[in-house]
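Just so you know, ligand 1 is whichever comes first in the structure, and atom 1 is the first atom listed for that ligand.
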Amino acid sequence: LKLNLCVFASGKGSNLNSIIKSGIKNVIQSKVELIISNNLTSGALELAKKNNIPNYHLSLKQFISESEYSNKLISVLQDYNINLIILAGYMKLIPSEVCRLYKNKILNIHPSLIPSFCGQGLYGLKVHQAVLDYGAKVSGATVHLVDEIYDHGAIVIQKSVKVNDDDTAESLQKRILKIEHKLLPEAIRLFETKKFNFEERKVFFT
Ligand code: GAR
C-alpha cells in the first residue's frame, strides 16, 4: 500500500531526511507529499525546498483561535490526500480536532523508551540528560500512535540502546538518532503492509 505522508517537524529534520531517503531507496513505498513546520528557520523546511516537496510554515500563533488553526491544518492535509501523518521531531501538540479526524493515522517518534522520560517538557536533548541524571542503564526510541496527550498513545515499535558510563547527553542522542532513522521507516512499512488491531493499549500487526 502506498500512503501519502505528511511530516511535521520543528528542528533539524534528520528523521524527515531518513524518511525521504527511504522512499528514494524503496525501503518504503509511500512518499512524503507534504511537510509542515512551526519553525520558519527549521532544517525541515530547508529539506522540503531542496527536495521540491510542498511545505507550509504553520503555527498556532499565526491564528486567532485553535479552531482557525485546526481548520487550516485540515484543509492543507486534505488538499494533499494525506493518509498518514508523521511527527518527526515535532515539538508542539497536534490540535484535538486533527487528532480526532486522523485517529490512528498519526505517528510520533520519541527518543526514549516510553513510558520513561517522556511527556510535556521532555524533548530533544533534555530527554537524554534526564536519562543520565536518573542513572538509567538503557534507553532507546519509541514510535507510537498520537492521541491528545503528549507521548501517550499506543506503542507501535521500540528499540533499546545501552547507556555507557561515559555517555554525555550529546553522545547518547547521537546513538539513539541512528536507531530512530531506521525505526521510523520501519514503522511506516508496517502501516503499508499490515493491518493492525487493538487489545486495550496493545497494538498487533497481522
Ligand atoms: C529526535 O531525536 C526526535 O526523537 C526528538 O527530537 C529529535 C529531532 O531530531 N523528538 C522529541 O523529542 C519529541 N518529543 P531531527 O529534527 O533531527 O529529526
Side-chain angles (χ1 to χ4, degrees), residues 5-24 27-28 32 34-51 53 55-60 84-95 98-99 106-134 136 138-163 167-188:
L5 308 176
C6 170
V7 176
F8 282 71
S10 303
K12 210 171 72 198
S14 73
N15 275 293
L16 166 63
N17 199 31
S18 90
I19 299 171
I20 296 171
K21 283 200 173 139
S22 300
I24 295 169
V27 174
I28 58 170
V32 180
L34 178 64
I35 293 166
I36 296 176
S37 182
N38 60 306
N39 175 6
L40 190 58
T41 58
S42 63
L45 286 180
E46 251 173 65
L47 272 168
K49 283 160 201 144
K50 208 175 108 192
N51 289 280
I53 300 170
N55 57 87
Y56 288 82
H57 167 228
L58 291 174
S59 84
L60 178 58
L84 187 65
I85 296 171
I86 320 285
L87 311 185
Y90 190 62
M91 305 309 178
K92 299 283 174 188
L93 266 188
I94 295 295
V98 180
C99 284
I106 313 179
L107 297 178
N108 178 46
I109 186 148
H110 182 77
S112 78
L113 295 175
I114 287 177
S116 287
F117 309 107
C118 64
Q120 189 163 19
L122 277 175
Y123 56 84
L125 211 52
K126 292 185 188 186
V127 176
H128 308 295
Q129 192 58 56
V131 167
L132 294 179
D133 291 346
Y134 200 84
V138 286
S139 190
T142 303
V143 178
H144 65 93
L145 290 165
V146 170
D147 61 17
E148 291 167 46
I149 304 166
Y150 274 109
D151 303 327
H152 176 264
I155 291 170
V156 175
I157 31 179
Q158 292 188 299
K159 197 165 165 61
S160 62
V161 303
K162 198 173 163 294
V163 177
D167 261 327
T168 59
E170 288 80 6
S171 67
L172 190 56
Q173 179 178 54
K174 205 170 150 195
R175 237 172 30 260
I176 291 177
L177 253 185
K178 259 198 185 154
I179 281 174
E180 293 184 44
H181 295 161
K182 290 214 176 93
L183 208 59
L184 204 40
E186 204 181 301
I188 296 168

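- By the 4.5 Å heavy-atom criterion applied to side chains, Ile157 and Glu186 are counted as neighbours.
- If you check which protein heavy atom lies closest to atom 11 (C) of ligand 1, you get Pro111 CD, 3.7 Å.
- In terms of N/O distances under 3.5 Å, ligand 1 is approached by Ser14.
- In terms of polar-atom proximity, defined here as any N/O pair under 3.5 Å, Tyr90 makes no such contact with ligand 1.
- Distances between N or O atoms of Glu180 and those of ligand 1 include at least one value under 3.5 Å.
- For the pair Val127 and ligand 1, no heavy-atom separation below 4.0 Å is found.
- Residue-to-ligand polar distances place Gly124 within reach of ligand 1: an N/O pair is separated by less than 3.5 Å.
- Ile20 is not listed as a side-chain neighbour of Lys50, based on a closest heavy-atom distance of 4.5 Å or more.
- Considering backbone and side-chain atoms alike, Tyr123 places every N or O at 3.5 Å or more from each N or O of ligand 1.
- Heavy-atom separations between Met91 and ligand 1 include at least one value shorter than 4.0 Å.
- Checking each of Ile109, Leu145, Ile188 against Val156 for a side chain to side chain contact (heavy atoms under 4.5 Å, CB included) leaves exactly one that passes, namely Leu145.
- For the ligand labelled ligand 1, residue Ala9 lies outside the 4.0 Å heavy-atom shell.
- Here the side chains of Ile35 and Leu16 are in contact, with some heavy-atom distance below 4.5 Å.
- Near Lys12, meaning under 4.0 Å from one of its heavy atoms, ligand 1 places the atoms 16 (O), 17 (O).
- Side chains of Asn108 and Tyr90 form no contact here, defined as non-hydrogen atoms less than 4.5 Å apart.
- The closest donor-acceptor contact from the side chain of Ser37 to the backbone of His57 lies at 3.5 Å or more, if one exists at all.
- Between Leu177 and ligand 1, no N or O atom pair is found at a separation short of 3.5 Å.
- Residue Tyr123 places its OH atom among 12 or fewer non-hydrogen atoms of other residues, nucleotides or ligands, all under 6.0 Å distant.
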Exercise. Is there a side-chain hydrogen bond (donor to acceptor under 3.5 Å, both in side chains) between Ser10 and Asn39 once you walk through the steps?
Worked result: CA-CA 6 Å; Ser10 303; Asn39 175 6; over 6 Å; no

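- Applying the side chain to side chain contact (heavy atoms under 4.5 Å, CB included) test between Leu107 and each of Leu5, Ile86, Ile85 identifies Ile86 as the sole match.
- Summary of contacts: the protein heavy atom closest to atom 14 (N) of ligand 1 is His110 ND1, 3.2 Å.
- Between Gly89, Gly13, Gly119, it is Gly13 that holds the heavy atom closest to atom 16 (O) of ligand 1.
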